[in-house]
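One structure is given below, encoded as structure tokens.
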Number of protein chains: 2
Amino acid sequence: MARPTVATDTSTRILDVAERLVQKRGFNAFSYADVADALNVTKASLHYHFPTKAELGACLIERYRGSFLGALQRINDAHVDAVAQLRAYAAIYADVLENDRMCLCGMLAAEYATLPAAMQDGIRRFFDGNEAWLVSVLTAGRRKQQIAFAGRPVDAARVLVAALEGAMLLARSRQDATQFRTVARRSLADLRVVKQAAAE
Amino acid sequence: MARPTVATDTSTRILDVAERLVQKRGFNAFSYADVADALNVTKASLHYHFPTKAELGACLIERYRGSFLGALQRINDAHVDAVAQLRAYAAIYADVLENDRMCLCGMLAAEYATLPAAMQDGIRRFFDGNEAWLVSVLTAGRRKQQIAFAGRPVDAARVLVAALEGAMLLARSRQDATQFRTVARRSLADLRVVKQAAAE
DNA sequence: GTCTATAGGTGGATAGAC
DNA sequence: GTCTATCCACCTATAGAC
């Protein structure tokens, strides 16, 4: 069992600052100097906790992935129907954007070709995990007739992830979170079961 | 009237190489040295054509936007129905991805916060132009009952752009262009008019 | 238009004192 | 664990010869 570390642990604070910088500016556009300035320490001190930028980046991804998948698990634990699960899924993205941040792994996906292999692997695992969760929700939801869609669940999942990541990307350049929410709402609406005689 | 310049004009070749580098690696991850090496000239020579990297970036965006909007105009000139127009629109994206490139402005949208103001303006203009074209196609297509969707055309347009840009982003990290095409096809399918008695 | 040479800055990373 | 000091590579950009 790991020894409990307080939330203000130095490594954690470094990761917090670095995460924010990557989500706002990208991995190639932030430096150890940026993090050091924000924490009032020296660059050398950062290298004690994360010897190389590549390792820092890999840790960022692993933490983000764990936190994200943890949130998905909590959605499952809420035992709500598929529509509510998908709304909660989109809400995670909306919360990220609320602070003018891009999804960490969406940002890194853009820089993918320039990143070390360990980071590339982590990014793929993040999206694989996202897809797997969505596939389980979409499969169960369709079986229970809570949602409707044609074709393979994995393809419907990819449309959702693509729309949400793309909408974050675009909303940031317009500084308009409303635009993201509208895209998210419409993307989920495409999965809703049409009520036969609903007045709508 | 501008003096005609051959296609192998030096400035053009610089833009070609820089465009490819930005689409593959991002604006912050390529340098004058990269372009110079590819063209077998010196960095100093590049600065004669594009004094600063910011100006080079702004020129890249303007050229890309003009080329993209030109392609949209040619789609209009083909006088096909809305479904075919939208398919042709998605095909432009697919062609970009075919060379393992990201949409130039999608890539730059990720790096948006780190870019000079002139480039930020250009990126917004690119997406505004895309949206405007889609809105006109969606509006006319719905009026002619070639396609169907709820709500404002601009919102349907944004879902499409988001899905396509997001799908490019994700397909690159999986090196799987098929994944992009599937997302594109499904996104367009959501706009298709449901044939009442179609066997499907 | 292209070159050599170089300035002036910042990048990630290390050695060694405390 | 944090510091000072430093290394070396690379960055954008400029001066001035050809």
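In what follows, every chain begins at residue 1, and chains take the letters A, B, ... in the order their sequences are listed. What's counted below: heavy atoms across the whole structure, side chains too, no hydrogens, waters or symmetry copies.
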[X] side-chain proximity, nearest of [options]:
X        : options                   : result
His49(B) : dT12(D), dG1(C), dT2(D)   : dG1(C)
Tyr32(A) : dA13(D), dA13(C), dG11(C) : dA13(C)
Thr52(A) : dT2(C), dA13(C), dA13(D)  : dA13(C)
Ser45(B) : dC3(D), dT2(C), dG11(C)   : dT2(C)

Practice prompt. Could you label the plane-to-plane angle of the Phe68(B) and Tyr93(B) rings as parallel, tilted or perpendicular, counting under 30° as parallel and over 60° as perpendicular?
Written response: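 Perpendicular.
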Classify the ring geometry of Phe30(A) against Phe27(A): parallel below 30°, tilted from 30° to 60°, perpendicular beyond 60°.
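Taking Phe27(A) first and then Phe30(A), their aromatic rings stand perpendicular (interplane angle over 60°).
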Rounded distance (Å) that lies between atom [atom2] of [N] and atom [atom1] of [X]:
X        : N       : atom1 : atom2 : answer
Ile14(A) : dG1(D)  : CD1   : P     : 11 Å
Leu56(B) : dA13(D) : CG    : C1'   : 14 Å
Leu46(A) : dC3(D)  : CG    : P     : 9 Å
Phe50(A) : dT14(C) : CZ    : C1'   : 18 Å
Lys53(A) : dT14(C) : NZ    : C1'   : 18 Å

Below 4.0 angstrom from OP1 or OP2 of [N], is there any side-chain N or O of [X]?
X        : N       : answer
Thr42(B) : dT2(C)  : no
Thr10(B) : dT2(C)  : yes
Ser31(A) : dG11(C) : yes
His47(A) : dT2(D)  : no

With the threshold set at 4.0 Å, does a side-chain nitrogen-carboxylate oxygen contact exist between Arg125(A) and Asp128(A)?
->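 Looking at Asp128(A) together with Arg125(A), the answer is no, because their closest N to O distance does not fall below 4.0 Å.
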Salt bridge flag under 4.0 Å for residues Glu19(A) and Arg63(A):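 Judged by the 4.0 Å cut-off on N to carboxylate O distance, Glu19(A) and Arg63(A) do form a salt bridge.
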- When we call it a touch if two heavy atoms are under 4.0 Å apart, what does Phe30(A) touch: a base, just sugar-phosphate, or nothing?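 Answer is sugar-phosphate: Phe30(A) comes under 4.0 Å of backbone atoms only.
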Contact nearer the 5' end of DNA chain D, comparing Tyr48(A) with Lys43(A):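 It is Tyr48(A), whose closest nucleotide lies nearer the 5' terminus.
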Check your understanding: Is the charged tip of Arg174(A) near the ring of Phe127(B): under 6.0 Å from the six-membered ring centre and within 45° of its axis?
Key ->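 No cation-pi geometry.
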Given DNA chain C, 5'-ward residue of the pair Asp34(A) and Ala44(A), judged by closest heavy atom: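 With Asp34(A) and Ala44(A) compared, the 5'-side residue is Asp34(A).
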